[in-house]
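Worksheet: one structure, shown below.
Just so you know, ligand 1 is whichever comes first in the structure, and atom 1 is the first atom listed for that ligand. Quick caveat: nothing in here was measured; it's all calculated off a predicted structure.
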Amino acid sequence: MATPYDDQNIFAKILRGEIPNDTVLETDHTLAFRDIAPQAPEHVLVIPKGAYVCHDDFALNASDAEVVDFMRVTGRICAMLGVQPTEDGPGYRVIANAGGHGVQEVPHYHMHILAGRPLGRMLEPA
Ligand code: AMP
């Protein structure tokens with residue numbers, strides 16, 4: 001059975017205004033803010049405002065409006081950071097960790113946007 005949503009997770013507290021965050025962009029359905037422990041010069045987290053645990057929960061259960069808004073925000077963040085790939089320019093990586101094997105720490109769906117330096121290969125050997 002899928003993990004139930006825990007409304008005491010830290011991103012739920014951020015969405016309720018109980019914990020501050022460094023907001024980059026906010027829309028009706030989505031919030032983007034800087035990661036508190038950045039792993040690259042640019043490290044932004046994009047989260048839906050709705051209560052979704054992880055990527056498959058969001059992708060299967062969110063409304064079309066929520067999904068479209070979320071994806072548009074990820075694109076807008078890349079544009080705001082100025083990291084869109086060019087012929088010889090930067091680039092970035094998006095990551096959504098899920099569950100135990102994905103080593104997800106915060107059980108509220110989020111996408112990491114990492115940029116600002118060469119990021120190495122996608123995965124280290126296990
Ligand atoms: P994950 O391991 O994919 O669940 O990533 C959770 C991310 O949330 C980590 O990169 C943390 O540094 C980040 N994080 C945890 N607490 C906060 C917070 N209060 N504000 C911003 N980012 C946070």
Side-chain angles (χ1 to χ4, degrees):
M1 186 169 143
T3 307
Y5 186 81
D6 171 12
D7 68 4
Q8 292 307 305
N9 78 75
I10 199 148
F11 294 170
K13 291 179 180 178
I14 284 176
L15 286 168
R16 289 196 295 267
E18 296 167 10
I19 292 176
N21 74 93
D22 186 358
T23 298
V24 179
L25 185 63
E26 181 171 9
T27 64
D28 286 349
H29 297 299
T30 309
L31 178 67
F33 54 97
R34 294 203 171 271
D35 196 292
I36 202 168
Q39 297 189 35
E42 305 286 4
H43 189 169
V44 174
L45 300 172
V46 183
I47 70 173
K49 291 184 175 177
Y52 303 101
V53 174
C54 59
H55 177 80
D56 60 281
D57 185 18
F58 180 70
L60 290 171
N61 299 315
S63 68
D64 290 1
E66 289 174 298
V67 173
V68 169
D69 187 69
F70 184 90
M71 291 304 290
R72 296 279 189 238
V73 167
T74 64
R76 288 174 66 188
I77 296 296
C78 293
M80 288 169 70
L81 298 177
V83 298
Q84 303 105 312
T86 61
E87 280 186 18
D88 54 0
Y92 56 89
R93 181 169 295 150
V94 294
I95 298 173
N97 298 316
H101 282 192
V103 195
Q104 179 181 9
E105 291 175 16
V106 180
H108 180 111
Y109 179 48
H110 52 282
M111 184 175 283
H112 298 255
I113 300 176
L114 297 142
R117 65 169 170 80
L119 295 165
R121 293 185 65 82
M122 185 171 69
L123 293 176
E124 296 298 324

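- Atoms of ligand 1 lying under 4.0 Å from any heavy atom of N97, numbered from 1 in the order shown and given with element: 1 (P), 2 (O), 3 (O).
- H112 NE2: more than 12 foreign heavy atoms inside a 6.0 Å radius.
- Ligand-side atoms of ligand 1 in range of Q104: 4 (O), range being under 4.0 angstrom from any heavy atom.
- Aromatic pair F70/F58: centroids less than 6.0 angstrom apart.
- The local environment of CZ in F11 is crowded, with over 12 non-hydrogen atoms from other residues, nucleotides or ligands closer than 6.0 Å.
- Those atoms of ligand 1 with a heavy atom of H112 less than 4.0 angstrom away are 1 (P), 3 (O), 5 (O), 7 (C), 10 (O).
- The 12-atom threshold is exceeded at CZ of R117, counting heavy atoms of other residues, nucleotides or ligands nearer than 6.0 Å.
- The single protein non-hydrogen atom nearest to atom 4 (O) of ligand 1 is E105 N, 2.7 Å, given as residue, atom name and distance.
- Protein heavy atom closest to atom 6 (C) of ligand 1, with residue, atom name and distance, is H110 NE2, 3.6 Å.
- Looking from atom 8 (O) of ligand 1 to the surrounding protein, the closest heavy atom is F11 CZ, 3.4 Å.
- Atom numbering of ligand 1 starts at 1 in the shown order; those under 4.0 Å from a heavy atom of V103 are 2 (O).
- Contact atoms of ligand 1 toward R34: 21 (C) (distance under 4.0 Å to a heavy atom of the residue).
- For L45 against H110, the heavy-atom pair with the smallest separation is CD2-CD2, 4.2 Å.
- With 3.5 Å as the limit, one finds a donor-acceptor pair spanning the side chains of S63 and E66.
- If you check which protein heavy atom lies closest to atom 10 (O) of ligand 1, you get D35 OD2, 2.5 Å.
- Side-chain contact check for H55 and Y109: at least one donor-acceptor pair (N or O, by modelled atom type) lies under 3.5 Å.
- Distance alone, capped at 3.5 Å, places no donor-acceptor pair between the K13 side chain and the D7 backbone.
- Nearest to atom 20 (N) of ligand 1 among the protein's heavy atoms is I36 CB, 3.7 Å.
- When each atom of ligand 1 is checked for a heavy atom of A37 under 4.0 Å away, the hits are 12 (O).
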